[in-house]
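Note sheet for the following structure.
None of the values given here were measured: they were computed from a predicted structure. By convention in this document, chain letters (A, B, ...) are assigned in the order of the sequence lines, proteins followed by strands, and residues within each chain are numbered from 1.
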Amino acid sequence: MGKRVLIIDDEDLVRNYVRRALASRGWEISETDNGAAALALLRQKDFDAVICDLKMPDMRGEEVIKRIRDLLPAMKIIAITGSVSNITTPIVPGVELEGFLIKPFGIDEIRNLMEKVLGR
Amino acid sequence: MTNKASILVVDDEPQIAEMISASLQLHGYAVSVVYDGEQAVKKIAAEKFDLVITDIQMPGMDGITALGEMKKIDPELEVIIATGHGTMSTAIQSMRKGAFDYLHKPFENKELLAVVGKALEKRKFNDITKAIFSTIKPEELLRVTIDSVTRILKAEESLLVLPDKGGRLKVAVSEGLEDEARLNSRLGLCDRMMGRLGGETKSVILVDEPARDKSFADLPGISEIKCALFLPLMEENKPSGLISINRTREGEYFTEDDLQRAKIFGSLVNLALRNSNLYRQLQDTQSQLIQAEKMSALGQLAGGLAHEINNPLSGILGLTQLVLENTKPDSQNFTDLKDIEKAVFRCKKIIVSLLSFARQEKTRMEPVNLNEVIEETLTLCARQMELKSVRITRQFAQGLPMVNGDYQQLMQVFLNLFTNARDAMPEGGELSVGTSLLKDPSGRELIMTTVSDTGTGIKPEILASVFDPFFTTKPVGKGTGLGLSVCLGIINRHNGTIKAYNRPDGGATFTLSLPV
């Protein structure tokens with residue numbers, strides 16, 4: 001059965017290529033551009049992983065990630081962001097993440113990461 | 001002075017006024033005459049005078065009131081009061097109001113000329129003091145100093161010597177010494193004098209006929225000096241330079257008065273030089289502050305900008321790669337898309353260095369062995385240097401104290417400097433790295449690191465810009481123009497300084513001071 005991944009990013013361009021890069025692996029991809037909608041979707045449907053941007057207009061990515069972790073402690077969460085240059089500090093205080101990518105990232109980077117997280 | 005002083009004579013008795021005027025004119029002064037206080041004040045407001053000689057008792061405005069009014073118009077005007085017998089109290093009153101001196105009527109011509117001479121000398125000295133203290137730029141100050149001292153001491157020649165960076169005495173400015181051989185002989189004399197002074201503090205030293213003095217007799221070309229006067233320039237209570245003033249006219253020795261003047265002048269100059277040094281330090285600090293300001297503004301801009309750009313850039317990268325997957329590798333489209341992909345990586349690199357330069361996070365300070373940091377960085381780039389035929393020479397001071405620093409960031413600084421040095425020597429050359437322990441002017445210890453290359457050097461016109469963000473001389477795509485600004489940012493956070501110089505024999509040197 002194909003894995004189900006939810007992409008949360010307010011940037012259409014990013015959602016567009018990440019969705020297509022992962023869909024070609026045979027996974028089922030959903031997307032949304034805000035945190036509130038994401039949480040609603042996660043309550044309705046089962047997902048294997050979420051890819052969440054850290055900076056969005058309505059709810060900060062950190063907050064979204066915290067709430068997802070509270071709601072679904074076993075959810076695999078991958079953060080993406082364009083704001084930092086290195087991965088030395090924990091991204092969301094108090095929340096362990098399964099993965100992290102800095103924009104700009106290529107399609108192989110996100111595929112490799114997701115394969116590592118979800119298994120082939 | 002080439003133009004003779006101009007004097008205003010004020011007296012209600014025309015004969016006395018005319019007599020004073022005639023006597024002064026005979027000695028070459030330019031003299032004007034008025035007959036009461038009001039006229040005198042009007043005249044002072046309209047024309048420039050050096051000196052006023054005024055009677056006290058006059059119809060209308062009296063001399064003392066006029067004195068006050070004239071001083072209001074020109075505070076530096078010198079005024080001599082001429083008073084009759086029995087008016088001693090008014091004379092004292094006038095002195096209190098700022099008169100230079102007073103003459104008792106009837107006075108002799110000789111007396112008049114002596115007082116006038118003294119008043120004008122004071123005025124000249126005031127002018128010079130003003131000139132020296134209003135000149136704050138070091139290069140101008142030295143010129144003004146030499147011009148003034150030559151005038152005050154009626155000398156034929158004079159020079160001001162200061163040590164260069166290597167501690168050797170060099171002529172900074174001179175007067176009446178256009179001939180190079182003569183100038184060199186005078187420098188030799190100064191050099192000998194400095195040696196004789198040792199660290200001693202003296203305000204003025206007089207040597208009559210130095211060629212006959214056994215301390216100087218062996219020096220060539222000094223026999224024409226009849227009389228030599230030296231004023232030591234002090235720095236932190238030690239002589240650091242000299243003003244040397246020579247008379248070459250037969251029989252014209254310096255008088256006790258001259259020595260007194262020289263002494264006063266010397267202390268003025270020392271004070272002015274200190275002011276000027278302080279001013280230079282102030283300017284340095286100011287430019288550092290401006291630089292820091294630029295950095296922090298850029299840092300804020302960079303943070304916001306990075307996020308805004310990274311999102312679309314990520315889209316460009318991802319979509320380009322998706323299209324690439326469906327493009328035949330031997331097609332033009334494939335090549336074009338690959339170029340787009342490369343361009344994105346270039347942008348990414350720029351943003352990463354911009355962010356690292358603007359990074360607001362704290363530096364992690366710990367005691368660091370600077371030699372070790374440098375050695376490790378050199379190991380990192382040894383292979384690259386070898387490939388470019390760059391030899392590495394090390395001159396490390398042993399037993400250096402630790403500096404408080406961030407190991408990784410300091411490595412980044414050296415890596416930048418070494419990479420720049422390598423790029424400056426495409427045909428190969430020598431990279432020399434040295435460390436030494438120094439004391440700054442306030443006595444604090446610091447470690448100075450020098451990184452020199454034998455490349456083409458830095459064009460003088462761009463020397464001031466090399467630390468500016470985005471400034472680069474490398475071809476498009478080769479450098480981000482952020483390397484040295486990152487270095488500057490890091491070194492600033494370490495409370496250190498970094499500077500760029502050109503070496504006299506070609507190549508560039510970067511010096512880096514870090515407090516211990």
Side-chain angles (χ1 to χ4, degrees), chain A residues 5 7-27 29 31-34 51-58 60-62 78-91 93 99-115, chain B residues 298-327 337-364 406-409 411-412 480 482 485-486 489-490:
Chain A
V5 179
I7 306 168
I8 314 158
D9 195 324
D10 60 319
E11 186 73 42
D12 295 358
L13 268 173
V14 175
R15 285 199 320 272
N16 180 2
Y17 85 84
V18 172
R19 173 175 45 81
R20 288 162 60 191
L22 299 180
S24 70
R25 287 290 181 267
W27 297 337
I29 314 297
E31 54 180 273
T32 172
D33 65 355
N34 68 78
I51 298 171
C52 185
D53 186 30
L54 285 182
K55 196 176 164 192
M56 286 176 294
D58 73 323
R60 283 166 50 86
E62 285 91 339
I78 289 91
I80 55 176
T81 181
S83 303
V84 287
S85 61
N86 60 355
I87 325 173
T88 52
T89 44
I91 300 311
F100 179 70
L101 279 181
I102 299 165
K103 297 175 188 176
F105 55 83
I107 54 176
D108 289 336
E109 284 173 81
I110 187 74
R111 279 172 182 161
N112 294 341
L113 177 64
M114 295 311 289
E115 276 169 5
Chain B
L298 186 72
Q300 286 169 11
L301 182 72
L305 199 69
H307 182 260
E308 293 308 313
I309 289 177
N310 279 338
N311 268 313
L313 210 54
S314 207
I316 297 172
L317 180 64
L319 291 171
T320 305
Q321 289 174 338
L322 281 174
V323 184
L324 264 170
E325 283 188 329
N326 297 312
T327 307
L337 288 165
K338 272 287 173 196
D339 281 347
I340 297 177
E341 192 189 18
K342 269 187 232 157
V344 173
F345 286 133
R346 232 169 79 189
C347 293
K348 183 179 174 174
K349 203 173 125 190
I350 294 173
I351 293 169
V352 167
S353 26
L354 187 60
L355 279 173
S356 76
F357 147 71
R359 202 161 31 200
Q360 307 286 326
E361 72 194 47
K362 285 236 163 64
T363 26
R364 272 192 310 255
D406 184 312
Y407 203 98
Q408 294 300 324
Q409 291 192 10
M411 266 185 85
Q412 195 186 343
T480 58
L482 287 167
S485 357
V486 171
I490 293 174

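- Atom CG of B:Leu317 sits about 12.5 Å away from atom NZ of A:Lys103, to the nearest 0.5 Å.
- Smallest separation of non-hydrogen atoms from B:Asn310 and A:Pro104: OD1-CD, 3.5 Å.
- Residues meeting the side chain to side chain contact (heavy atoms under 4.5 Å, CB included) test with B:Ile309, sequence neighbours left out: B:Leu305, B:Leu313, B:Ile351.
- Looking only at distances, a side-chain donor or acceptor of B:Gln321 sits under 3.5 Å from a matching main-chain atom of A:Ile107.
- For the residue pair A:Val14 and B:Asn311, the shortest heavy atom distance occurs at CG2-O, 3.7 Å.
- For a residue to count as touching a neighbouring chain, one of its non-hydrogen atoms must lie under 4.5 Å from one of that chain's; by this rule B:Glu325 touches chain A with the side chain only.
- Scanning both residues, B:Ser314 and A:Phe105, for their nearest heavy atoms gives OG-N, 3.2 Å.
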